[in-house]
Amino acid sequence: GGVRTSSFFASSVNVEDLQNSLGSLAESKSLRMEEKQELSSLNNRLVGFLGKVRQLEDQNMQLRAMLEQSSGIEVKSGLPEIWEREMQALRQELEAANHERTRLEVRIEGYETEIGQLNNRLDSADQIINDLEVEL
């Protein structure tokens, strides 16, 4: 048969609105998956950066110990300048990655809220359709 409508159904729920809601829900889920993948990628980069910082710190400690042992003088100066620059660059990348991660987490929370609202609208629309089918 054709599309069944009643004045109540036509005023409360529009098939086009339901289709738009379903489309929005699918799009939100897709965006959420992309953001989760991006967040995972950022987390992996963060782990890499932290590993690099730890490696440089360990290497620095070893070099200090070797220098102290060979010269008999305690090394009080900081890291050689090149390592300082490398660590500063890594710290900046880490900070940027953390900022991006926070930004994505906020967006994901917004999408989760929107998905919940769309699911509620969809449930309400399904209930209205079921009620109308029972009436007919």
For this session: Step by step, work out the side-chain contact (heavy atoms from CB on, under 4.5 Å) result for Glu57 and Asn60.
Result: CA-CA 5 Å; Glu57 288 172 344; Asn60 181 47; 5.5 Å; no
For this session: Could you walk me through whether Leu122 and Leu118 pass side-chain contact (heavy atoms from CB on, under 4.5 Å), step by step?
Result: CA-CA 6 Å; Leu122 189 58; Leu118 289 171; over 6 Å; no
Exercise. Run the salt bridge (charged side-chain N to carboxylate O under 4.0 Å, His left out) check on Glu105 and Arg101 step by step: do they pass?
Worked result: CA-CA 6 Å; Glu105 286 173 344; Arg101 177 181 177 186; 3.3 Å; yes
Problem set entry | Criterion side-chain contact (heavy atoms from CB on, under 4.5 Å) on Arg107 and Arg32, from CA distance to verdict | CA-CA 8 Å; Arg107 284 182 65 188; Arg32 187 168 170 231; over 6 Å; no
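In this structure, Tyr111 OH and Lys36 NZ are separated by 13.5 Å, a value rounded to the nearest 0.5 Å. To the nearest 0.5 Å, atom CG of residue Leu104 and atom NE2 of residue His99 are 9.5 Å apart. Taken from CD1 in Ile129 to CD in Gln127, the straight-line distance is 10.0 Å, to the nearest 0.5 Å. Note that OG of Ser28 and CE of Met33 are 13.5 Å apart. Values are rounded to the nearest 0.5 Å. Note that the CG atom of Leu31 and the CD atom of Glu38 stand 11.0 Å from one another [nearest 0.5 Å]. Distance check: Leu90 CG to Leu56 CG gives 6.5 Å after rounding to the nearest 0.5 Å.
At a threshold of 4.5 Å between non-hydrogen side-chain atoms, the residues Gln88 and Glu84 do not count as touching.
At distances below 3.5 Å, not a single donor-acceptor pair connects side-chain atoms of Ser41 with backbone N or O atoms of Gln37.
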Using a 3.5 Å cut-off and no angle test, enumerate the donor-acceptor pairs between side-chain atoms of residues 44-55 and protein atoms at least two apart in sequence or in another chain.
unit_1, atom_1, unit_2, atom_2, d
Asn44, ND2, Ser40, O, 3.4

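Applying the 6.0 Å contact sphere to CD of Gln59 captures more than 12 heavy atoms from other residues, nucleotides or ligands.
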